[in-house]
2 protein chains.
Amino acid sequence: MAHYISDVNITRVLRAVWLNQGLSRVDISRLLDLNKSTVSKIVGYLEELRIVEQAAVGDAGPSGGRRPIQLQVRADWGCVMGVEIQTETFTVVGINLHGDVFFSHTEPLDLRHADLVDSFIEIVRRFRPSLEATGMPLIGIGVGLPGFVDPVRGVLRASMPLEQYDEVAFVERARDALGVEIPILVDNDANCGCWGELAFKHSTRPQNFVFVLGELRKHTIEMDDYRIMALGLGLVLDGDVHHGTEYSAGEFRSILYRVGTVNQFSISDAEARRFLRDKDVDAMIIDELARHIAFLVNVLNLGKVVIGGPMEILADELIAAIREHIQQNWAYPNMVDCQISVSRLGEQAVAYGAAGMFLEHLIRVPSVRTDRDPTAPCGVELLPRHGTELPV
Amino acid sequence: MAHYISDVNITRVLRAVWLNQGLSRVDISRLLDLNKSTVSKIVGYLEELRIVEQAAVGDAGPSGGRRPIQLQVRADWGCVMGVEIQTETFTVVGINLHGDVFFSHTEPLDLRHADLVDSFIEIVRRFRPSLEATGMPLIGIGVGLPGFVDPVRGVLRASMPLEQYDEVAFVERARDALGVEIPILVDNDANCGCWGELAFKHSTRPQNFVFVLGELRKHTIEMDDYRIMALGLGLVLDGDVHHGTEYSAGEFRSILYRVGTVNQFSISDAEARRFLRDKDVDAMIIDELARHIAFLVNVLNLGKVVIGGPMEILADELIAAIREHIQQNWAYPNMVDCQISVSRLGEQAVAYGAAGMFLEHLIRVPSVRTDRDPTAPCGVELLPRHGTELPV
DNA sequence: TCCTATTGGTTGCATAATACAACCAACCAT
DNA sequence: ATGGTTGGTTGTATTATGCAACCAATAGGA
């Protein structure tokens, strides 16, 4: 006697447990509209893979009955490395399947004298042992880069701060150097901020929000005289990170932008350099930014705004300004329902989110192809393509 | 001997044929990654339902081989009614499954003296015979309304022009009056514009675009002294119409909006009234609108802008302004790739799109539930829930 | 304390969707 | 004609899932 199991529903069950730790088999069968015997078999398979375990026994209902067995994803099934590379620093984090950060490291990096991909390969080689010292196998790597990234092909298409205007075959080159056994996913840095909010918010997973990432950096890696605020947006729409037709979604420039400047607002570059050192400049930027964010909140009907990066210093003023403009920009009498908050992850938001992005793709139901090309990012595969025969 | 067939793949096959008329069975099997025998059986079932037919025989390849049988959806399998209701007029269209308009009618409507839902019921009763006179059964109705609409529950949540600030149970009331046999779907008018672009663009189906709907109307139905331009946006992101958390996505108000006015821009209401009669006002509105559209194009990385409604009169200037601002608002050296065009459907764009929305839902693969509540709009069902036994 | 109703979970079997392989049909080129 | 090639069909094997009957464990009452 043997039981057989399908791909899609395995992933659905795994994802259900991941999103909602403590679910019982019957809970899952009700949630996913599957027969409880089917769920039993799938859970048995996932237990055999050692990715799901029986965590606790819940309480029986008021009218009696057997107590449910609460399931959870095993935190130590594997670990994921998250990397953020900026123009002058990089950050590495290691997380387990529950999203707990057990390792983190930030260090200066000078991309004027080193190649982007080579630096990344070096970082992975250097920190992989630290992660695997926990005994958990490294199951994948997520990377956040400034610039716009095609996560499907794993390519950096262009980057202003990194001065890359031709495609860089990031994943391909890294995989050649590091071997194929570890899948690598790449995305834009602000989008990684979004992934971080998505991956471990489980029950309260927001469906529509914007991640506002402000970095204080040199205009390009070659210029080392002054730093200005560089702003990138990451958008989650209908539960998914939005990339756009050419993967450049999130690139921000004010509606009032003045031709000839390098900053993204309607101020002069001389003013932009005084950001964080001149109250008047701060106020102008905050007002202009808040208006644009408010516009997006209303036009896209976002339920949430998350602020990350050094903007956090001005968070109180910014939050107040956004809140005011959202309401002013709204034509109906009701109050707009939109939470505005600061990312609690601080410096690590992007690297952490990059790792979260990997998990999110690992535990994702394969998209049922309806038309042309499938859009699954390059090669994350949890399970063998066809069912396995199980002993009773 | 009997063959059995699944729900999901029936819809996938039907959708493939619908999106790509002239596909052969092998084409489908390659496209959807199904075995050709499976496709044969499913196509047989769809032929039996008389929704798919063998249309023509294609040419054999250069290296010989049997000639492929090209399939297509039968245009006359049924017809769909599309309705647009505005503050002062309504429009009805009838289309077949290929999207050909075989009936259309526009007429004044005074919602000051008639209830919205009652008027709709009346419209359906009055025009249903005209559609069914073709011999095709009426399989569904799509409705476009100004205001924001929850298409899942079929409810008008609020509408400025209709002066509705409480929920109207549109579908529920209409269904009670008209009977359950005809499913009804509702959405916002600008969103219906999007559905029209989606439903029948088949091969060149755009994945990310904005539909700019400008209506010249009274500020509210009660005020009959003057008309101003009312602008609504419809957004398609990653191939799907975007509604947002509370279904209010697309509500537009300028970043420079002045508190106290009823128009959506930074001009005074006195100026707004001179729209289309004063070149200076036109120029101000065009510039301000173009900047906002350009901002959205870049931030969301849209591949297309479609202009509908009476704005069409100023289309040339508007298109030029949008094009200019898109490029000005873009930081990288390359040209932004974004088509800007005017909806060819003119007056009928919304009603036609409403009908298209219905078809799009009819021929849509059921979403595999991964978490909580399913988001399929109320009751469109093409097929019996379980497989049917077929004779050989 | 024992019975009953109730809920969670498992097992053997039935059902049904899909793949596989072998076939036929129709076309090209030589 | 003949063989190579592609499209489509048919019988059979595989396997995911549902169903119904079962066991396990609980609450509440008699």
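Chain identifiers are assigned alphabetically (A, B, ...) following the order of the sequence lines, protein sequences preceding nucleic acid strands; residue numbering begins at 1 within each chain.
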Tightest non-hydrogen contact, residues L49(A) and W77(A), listed as O-NE1, 3.1 Å

Among [options], the nucleotide that comes nearest once only the side chain of [X] is considered:
{"X": "R66(B)", "options": "dA21(C), dT17(D), dA26(C)", "value": "dA26(C)"}
{"X": "S24(A)", "options": "dG18(D), dA19(C), dG9(C)", "value": "dG9(C)"}
{"X": "S37(A)", "options": "dG8(C), dA20(D), dT17(D)", "value": "dA20(D)"}
{"X": "N35(B)", "options": "dT18(C), dG8(D), dA19(C)", "value": "dA19(C)"}
{"X": "K41(B)", "options": "dA19(C), dG18(D), dG7(D)", "value": "dA19(C)"}

In chain order, what residues pass the salt bridge (Lys or Arg N to Asp or Glu O under 4.0 Å) check against [X], with sequence neighbours excluded?
{"X": "E132(A)", "value": "R128(A)"}
{"X": "K304(A)", "value": "E197(A)"}
{"X": "D240(B)", "value": "R364(B)"}
{"X": "D76(A)", "value": "R74(A)"}

When you check the phosphate oxygens OP1 and OP2 of [N], does a side-chain N or O of [X] lie under 4.0 Å from one of them?
{"X": "R67(A)", "N": "dG8(C)", "result": "no"}
{"X": "R12(B)", "N": "dT18(C)", "result": "no"}
{"X": "S40(A)", "N": "dT10(C)", "result": "yes"}

Rounding to a whole Å, what distance do you find between [X]:[atom1] and [N]:[atom2]?
{"X": "K36(B)", "N": "dG8(D)", "atom1": "NZ", "atom2": "P", "value": "8 Å"}
{"X": "D33(A)", "N": "dG18(D)", "atom1": "CG", "atom2": "P", "value": "8 Å"}
{"X": "R30(B)", "N": "dG7(D)", "atom1": "CZ", "atom2": "C1'", "value": "9 Å"}
{"X": "L71(A)", "N": "dG9(C)", "atom1": "CG", "atom2": "C1'", "value": "11 Å"}
{"X": "R25(A)", "N": "dA24(D)", "atom1": "CZ", "atom2": "P", "value": "15 Å"}

If you assign each of V26(B) and L34(A) to its closest nucleotide in DNA chain D, which residue comes earlier from the 5' end?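 Its nearest nucleotide being more 5', the pick is V26(B).
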
Flag if over 12 foreign heavy atoms under 6.0 Å of CD, E172(B):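 Result for CD/E172(B): open.
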
Please list, one pair per line, the donor and acceptor atoms closer than 3.5 Å that link side chains of residues 55-66 of chain B to other protein atoms, with sequence neighbours excluded.
none

By a strict heavy-atom criterion of less than 4.0 Å, which residues belonging to residues 54-65 of chain A are in contact with DNA chain C? S63(A), G64(A), G65(A)

